[in-house]
Amino acid sequence: MNKSDAIQAVIFDLDGVITDTAKYHYEAWKQLADELELPFDWAFNEQLKGIDRMASLEKILSQRPDGGAHVSLEQKQIWAHLKNINYQRLIQSVDESEILPGILLLFDDLKQANVQIGLASASRNAKTLLQQLKVEAYFDVIVDPAQLANGKPAPDIFLAAAAGLQVEPKYCVGIEDAEAGVQAIKSAGMFAIGVGEHDILKQADYIVTDTSELSLAVIEQHWFDTVHKFKTS
Ligand code: BG6
Ligand code: MG
């Protein structure tokens, strides 16, 4: 593999990729939806993965008879805040034992290979979680989602990570567990790895069922095959 074919950065989603906080987001939304007497299950939750807090609340409220049209902004902010209180209570005791399999080894291999590491999480709790997981020091850039005009599936957060790392998108790999996240990576012009179900993540360039299947060697192999196929086709 010559230098121009090499991966220069890997940009990670957090929830559901580095740690299984996707389940805590589900529980926190479920508590709120139950209080509001609105339906909420795992299938519905799937649509919320990768989506920011207010947009998620609006999707839940769209199930009201008025489609959420008569809910004031102030009321929405209160409910979004309540969900976040539920969530913060659930993640209080998260520590490094909740890092998903294979992730620490991947971070170490990336550092060893001089491949930069970025974080592209829609969560405003991401920095706290990275600290609780004791992995913040691995990151060369952590994008602040509050500074972006558009959330996933728009490419903004992945492009901001690449810009922060001063790497062209075509030399970046993005890793995501959400359909909206995979769409964001592809719209950013990056190589997308999906973690989860094929049916949901089918737009990804390469899909694993769980993070234990991820390694730098495997990522490089699939990256190289795709780049090579593209060059020869
Ligand atoms: C994403 C999650 O990472 O962050 C979503 O997949 C979540 O489920 C979003 O809604 C925003 O998180 P937070 O912590 O800012 O409410
Ligand atoms: Mg995620």
Side-chain angles (χ1 to χ4, degrees), residues 10-33 40-62 76-92 94 98-100 102-103 106 118-133 135 139 142-158 160-161 173-186 188 190 192-197 200-201 203-204 207-211 214:
V10 176
I11 302 169
F12 291 78
D13 173 43
L14 172 72
D15 297 309
V17 171
I18 294 173
T19 181
D20 190 15
T21 33
K23 68 182 179 219
Y24 300 131
H25 280 293
Y26 165 80
E27 281 178 44
W29 281 126
K30 173 87 179 128
Q31 283 175 28
L32 181 74
F40 193 78
D41 59 14
W42 282 101
F44 193 91
N45 184 67
E46 198 58 47
Q47 308 169 45
L48 308 186
K49 282 189 184 170
I51 307 290
D52 75 27
R53 201 180 305 158
M54 192 51 94
S56 299
L57 176 65
E58 281 166 357
K59 276 193 196 275
I60 292 170
L61 295 178
S62 71
K76 285 187 206 168
Q77 282 166 342
I78 292 169
W79 284 335
H81 179 64
L82 281 178
K83 181 270 176 176
N84 197 44
I85 289 176
N86 295 341
Y87 180 67
Q88 289 184 334
R89 196 180 310 118
L90 289 162
I91 62 168
Q92 225 166 32
V94 168
E98 292 195 48
I99 298 173
L100 285 168
I103 293 294
L106 179 56
L119 189 82
S121 170
S123 174
R124 292 168 194 223
N125 292 291
K127 246 193 169 177
T128 307
L129 272 164
L130 291 185
Q131 285 159 3
Q132 286 179 225
L133 298 169
V135 294
F139 288 85
I142 296 170
V143 179
D144 176 2
Q147 304 302 320
L148 302 170
N150 307 296
K152 300 170 190 176
D156 303 31
I157 197 163
F158 284 94
V173 170
I175 310 183
E176 266 287 352
D177 70 319
E179 187 180 10
V182 168
Q183 280 175 27
I185 299 171
K186 292 309 299 171
M190 300 177 183
I193 298 182
V195 179
E197 287 177 40
I200 296 167
L201 305 171
Q203 282 189 44
I207 300 168
V208 293
T209 46
D210 79 73
T211 54
L214 290 174

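Whatever order the structure lists ligands and atoms in, that order sets their numbers, starting from 1. Because only heavy atoms are used, hydrogens play no part in the values below, and waters and symmetry mates are left out as well, while side chains stay in. Please read all numbers here as calculations on a predicted model, not as lab measurements.
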Heavy-atom side-chain contact between E46 and E197 under 4.5 Å: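 No - every pair of side-chain heavy atoms lies 4.5 Å or more apart.
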Close side-chain approach of L129 to V94, heavy-atom, < 4.5 Å: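 Side chain of L129 against side chain of V94, heavy atoms only: contact under 4.5 Å found.
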Residues forming a salt bridge (Lys or Arg N to Asp or Glu O under 4.0 Å) with E27, sequence neighbours excluded: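 Result, salt bridge (Lys or Arg N to Asp or Glu O under 4.0 Å) vs E27: none returned.
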Nearest non-hydrogen protein atom, [atom]:
atom                    : answer
atom 15 (O) of ligand 1 : R124 N, 2.7 Å
atom 16 (O) of ligand 1 : R53 NE, 2.7 Å
atom 6 (O) of ligand 1  : G50 N, 2.8 Å
atom 2 (C) of ligand 1  : D15 OD2, 3.5 Å
atom 10 (O) of ligand 1 : I51 O, 3.0 Å

Could you list the atoms of ligand 1 found under 4.0 angstrom from a heavy atom of [X]?
X    : result
K49  : 6 (O)
L48  : 5 (C), 8 (O)
K83  : 16 (O)
N125 : 13 (P), 14 (O)

Given D177, I142, L130, V135, the one that forms side-chain contact (heavy atoms from CB on, under 4.5 Å) with L14: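 Checked D177, I142, L130, V135 against L14; only one passes side-chain contact (heavy atoms from CB on, under 4.5 Å): L130.
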Sub-3.5 Å N/O-N/O distance, W29 and ligand 1: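 There is no such contact.
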K49 (side chain) donor-acceptor with G181 (main chain) under 3.5 angstrom: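 Between the backbone of G181 and the side chain of K49 there is no qualifying donor-acceptor contact (under 3.5 Å).
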Nearby protein N/O/S atoms (those under 2.8 Å) for the Mg ion (ligand 2), with water ignored: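 Atoms qualifying: D13 OD2, D15 O, D177 OD1.
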E179 vs V182, side-chain contact (heavy atoms from CB on, under 4.5 Å): CA-CA, chis, key distance, verdict: CA-CA 5 Å; E179 187 180 10; V182 168; 5.9 Å; no
Distance, nearest 0.5 Å, that separates CD1 of I91 from OG1 of T128: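 Interatomic distance, I91 CD1 to T128 OG1, rounded to 0.5 Å: 6.5 Å.
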Polar contact flag, side-chain donor to acceptor under 3.5 angstrom, D15-N125: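 The criterion, which ignores hydrogens and geometry beyond distance, is not satisfied for N125 and D15.
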Ring geometry between F12 and F139 (parallel below 30°, tilted from 30 to 60°, perpendicular above 60°):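 Perpendicular.
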Heavy atom of S56, distance to ligand 1 below 4.0 Å: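 For ligand 1, residue contact (heavy atoms, under 4.0 Å) with S56 is present.
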Identify all side-chain donor-acceptor contacts of residues 54-61 below 3.5 Å with residues at least two apart in sequence or on another chain.
residue, atom, partner, partner atom, Å
S56, OG, I51, O, 3.3
S56, OG, D52, O, 2.8
E58, OE2, K76, NZ, 3.2

Contacts of type side-chain hydrogen bond (donor to acceptor under 3.5 Å, both in side chains), residue E98, not counting sequence neighbours: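 E98: side-chain hydrogen bond (donor to acceptor under 3.5 Å, both in side chains) contacts with Y24.
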